[in-house]
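Encoded as structure tokens, the structure appears first; notes follow it.
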Amino acid sequence: MAIDLNQLGDSLKSQFQGLNGVHPGMWPVVPRVLCGVGVAAAVVVLGYFGYWQGQFEEQDAGAQQELKLRDEYKLKTAQAVNLEALKNQKEKVDEYVLQMEKQLPSKAEMAALLSDINQAGLGRGLQFELFKPGKVDVKEYYAELPIDIRVTGNYHDVGSFAGDMANLPRIVTLNNMTLNTGKDGNTLVLDAVAKTFRYLDPEEVAAARKAAADKKKAKK
């Protein structure tokens with residue numbers, strides 16, 4: 001059976017005529033259906049932006065939090081499994097730190113260490129032309145003392161002196177070293193900065209941490 005499109009169009013058009021002042025419940029079928037679809041679409045849109053969108057975002061945030069908690073759980077599980085190994089590792093680190101601290105003199109022992117450095121040079125037959133302790137540089141956990149030195153002697157004695165510095169029971173390093181020939185042409189002149197380190201007294205540690213905290217606050 002052929003459908004007359006013109007007749008169908010006229011029929012649909014006629015259903016939208018004369019609707020003003022007529023209760024929607026009395027409208028023809030097509031206008032009622034379209035009105036119902038429009039209302040349903042409006043409800044869906046308003047519901048999404050007014051209610052469901054927030055729930056979707058909350059759900060996404062919850063999913064992200066779940067992934068984060070899963071990762072934390074895996075990390076803590078791995079730590080729990082390796083707890084004994086971590087304890088042993090910490091003990092070894094503590095022992096190493098203790099050994100290193102033993103190589104750092106206290107504030108009261110610094111004078112003896114300076115004497116050891118001087119004696120190491122004299123014991124090799126070197127002449128000290130300069131031995132000048134500089135300003136103490138206090139770090140967070142230790143203090144650094146630079147000493148400007150200039151010694152003269154023959155090649156082997158200067159080399160042995162450098163080796164003696166490395167073998168002192170306390171940590172001493174030679175920095176900024178320069179070697180020049182002496183005026184007589186037979187001796188060497190070693191200019192260097194000998195750096196030694198000491199651990200801080202409890203009062204110095206507290207003061208250093210306070211200074212670091214104040215500096216951090218000032219930057220903010």
Side-chain angles (χ1 to χ4, degrees), residues 79 82-220:
Q79 290 177 340
N82 298 316
L83 182 59
E84 289 301 322
L86 290 173
K87 285 182 177 180
N88 294 333
Q89 185 177 3
K90 181 180 181 300
E91 291 177 358
K92 291 180 180 179
V93 170
D94 291 340
E95 291 175 0
Y96 177 75
V97 171
L98 183 61
Q99 291 176 359
M100 294 300 294
E101 286 182 347
K102 289 180 179 179
Q103 289 187 277
L104 298 179
S106 65
K107 191 173 183 179
E109 296 172 323
M110 284 299 292
L113 177 58
L114 297 179
S115 177
D116 289 342
I117 296 173
N118 185 63
Q119 289 300 320
L122 296 178
R124 293 294 180 179
L126 304 178
Q127 297 295 321
F128 275 94
E129 296 183 3
L130 177 66
F131 190 89
K132 182 181 178 182
K135 182 180 179 181
V136 176
D137 185 11
V138 178
K139 308 292 185 180
E140 188 172 357
Y141 298 103
Y142 66 93
E144 178 181 295
L145 174 63
I147 308 164
D148 294 326
I149 62 173
R150 178 181 299 137
V151 294
T152 60
N154 63 47
Y155 175 84
H156 293 289
D157 291 338
V158 170
S160 297
F161 169 71
D164 292 340
M165 292 297 96
N167 292 323
L168 286 174
R170 304 298 189 182
I171 297 175
V172 179
T173 62
L174 292 178
N175 306 271
N176 304 332
M177 294 187 295
T178 59
L179 276 174
N180 296 293
T181 305
K183 294 180 180 179
D184 58 6
N186 297 320
T187 59
L188 290 178
V189 179
L190 170 65
D191 287 286
V193 178
K195 289 186 180 180
T196 185
F197 311 87
R198 67 173 176 84
Y199 64 81
L200 301 179
D201 295 337
E203 296 80 7
E204 292 177 308
V205 172
R209 290 179 177 176
K210 183 178 183 301
D214 292 341
K215 185 177 180 181
K216 187 176 181 180
K217 288 181 180 179
K219 287 183 178 180
K220 293 182 178 179

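Note that the structure is a prediction, hence the values are computed from the model and not measured.
Applying the ring-ring contact (aromatic ring centres under 6.0 Å, His included) test to pairs two or more places apart or on separate chains, those with a residue in residues 110-134 are Phe128-Phe131.
Taking OG1 of Thr196 as the reference point, atom CZ of Arg170 lies at 9.0 Å (rounded to 0.5 Å). The distance from atom CG of Leu145 to atom NZ of Lys195, rounded to the nearest 0.5 Å, is 10.5 Å. Atom CD1 of Ile147 and atom CD1 of Ile117 lie 4.0 Å apart (nearest 0.5 Å). Atom CG of Leu130 and atom CG of Leu190 lie 11.0 Å apart (nearest 0.5 Å).
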Identify each donor-acceptor pair in which a side-chain atom of residues 154-165 lies under 3.5 Å from a protein atom, sequence neighbours left out, and give them as a table.
| unit_1 | atom_1 | unit_2 | atom_2 | d |
| --- | --- | --- | --- | --- |
| Asn154 | OD1 | His156 | N | 3.2 |
| Asn154 | OD1 | Asp157 | N | 2.8 |
| Asn154 | ND2 | Asp157 | OD2 | 2.9 |
| Ser160 | OG | His156 | O | 2.9 |
| Asp164 | OD1 | Arg124 | NH2 | 3.2 |
| Asp164 | OD2 | Arg124 | NE | 2.7 |
| Asp164 | OD2 | Arg124 | NH2 | 3.4 |

Name each donor-acceptor pair under 3.5 Å that joins a side chain in residues 173-182 to protein atoms two or more places apart or in another chain, with its distance.
| unit_1 | atom_1 | unit_2 | atom_2 | d |
| --- | --- | --- | --- | --- |
| Thr173 | OG1 | Asn175 | ND2 | 3.0 |
| Asn175 | ND2 | Thr173 | O | 3.4 |
| Asn175 | ND2 | Val193 | O | 3.3 |

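Nearest heavy atom pair, residue Gly153 against residue Leu126, reads CA-CD2, 3.6 Å.
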